[in-house]
Amino acid sequence: MKYRNYGVIINFGGNKRKEMIHMPFIQFDGPQMNKEKKAELVAKLTQTAHEVLGIPEQAFSVIIRENSMDNIGAGGKLLSETHK
């Protein structure tokens with residue numbers, strides 16, 4: 001199985017630099033977590049994907065998107081209202 005890294009030019013306040021975006025990408029949407037839990041999650045997701053796919057761990061990028069229950073709705077109601 002092949003993977004690819006893509007170079008992207010990013011502009012930070014007039015300072016352009018080339019960044020590498022690693023593929024494949026793992027995205028996790030979930031609750032708010034502390035830094036230690038995020039580090040553990042990233043390590044375990046990466047390790048598991050490496051074991052299953054046989055792709056080197058350094059090839060993976062992981063993004064964590066934290067959501068409060070006030071920002072998610074199900075069945076027409078906010079989760080913060082249904083999980084009191």
Side-chain angles (χ1 to χ4, degrees):
M1 186 175 294
K2 294 184 179 181
Y3 69 94
R4 217 180 235 179
N5 293 330
Y6 296 91
V8 177
I9 302 297
I10 299 176
N11 187 350
F12 290 103
N15 298 323
K16 290 183 180 179
R17 69 179 197 227
K18 187 173 183 176
E19 294 287 331
M20 295 306 294
I21 296 177
H22 296 280
M23 297 291 179
F25 215 87
I26 300 169
Q27 181 174 309
F28 178 84
D29 288 83
Q32 295 175 336
M33 296 174 277
N34 63 37
K35 188 174 182 177
E36 291 78 21
K37 284 289 183 190
K38 291 177 194 178
E40 180 181 2
L41 180 64
V42 167
K44 288 184 177 183
L45 287 172
T46 302
Q47 177 64 32
T48 301
H50 158 71
E51 290 171 3
V52 170
L53 298 172
I55 297 172
E57 288 183 18
Q58 65 270 20
F60 291 93
S61 292
V62 178
I63 185 167
I64 297 171
R65 297 191 325 181
E66 297 175 293
N67 299 288
S68 86
M69 292 177 66
D70 286 336
N71 295 333
I72 303 169
K77 296 185 179 181
L78 292 176
L79 291 184
S80 58
E81 293 298 317
T82 58
H83 291 87
K84 286 186 177 183

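Values below: every heavy atom of this structure, side chains too, minus hydrogens, waters and symmetry copies. Just so it is clear, the model here is predicted, and its values are computed rather than measured.
In this structure, I63 CD1 and I26 CD1 are separated by 12.0 Å, a value rounded to the nearest 0.5 Å. Rounding to the nearest 0.5 Å gives a distance of 6.5 Å between CD1 of I64 and NZ of K38. We find the CD-CG distance between E66 and D29 to be 10.5 Å, quoted to the nearest 0.5 Å. Rounding to the nearest 0.5 Å places CD of E57 at 9.5 Å from OG1 of T48. Between atom CG of residue L41 and atom CD of residue E36 there is a gap of 13.0 Å, rounded to the nearest 0.5 Å.
Considering every non-hydrogen atom in both M33 and F28, the closest pair reads CE-CE2, 4.0 Å. Taking all atoms of both residues into account, the shortest heavy-atom contact from F60 to I55 is CE1-O, 3.6 Å.
In this structure, the side chains of Q47 and K44 stay at 4.5 Å or more apart for every pair of heavy atoms.
Not one N or O on the side chain of Q32 forms a donor-acceptor pair closer than 3.5 Å with the backbone of S68.
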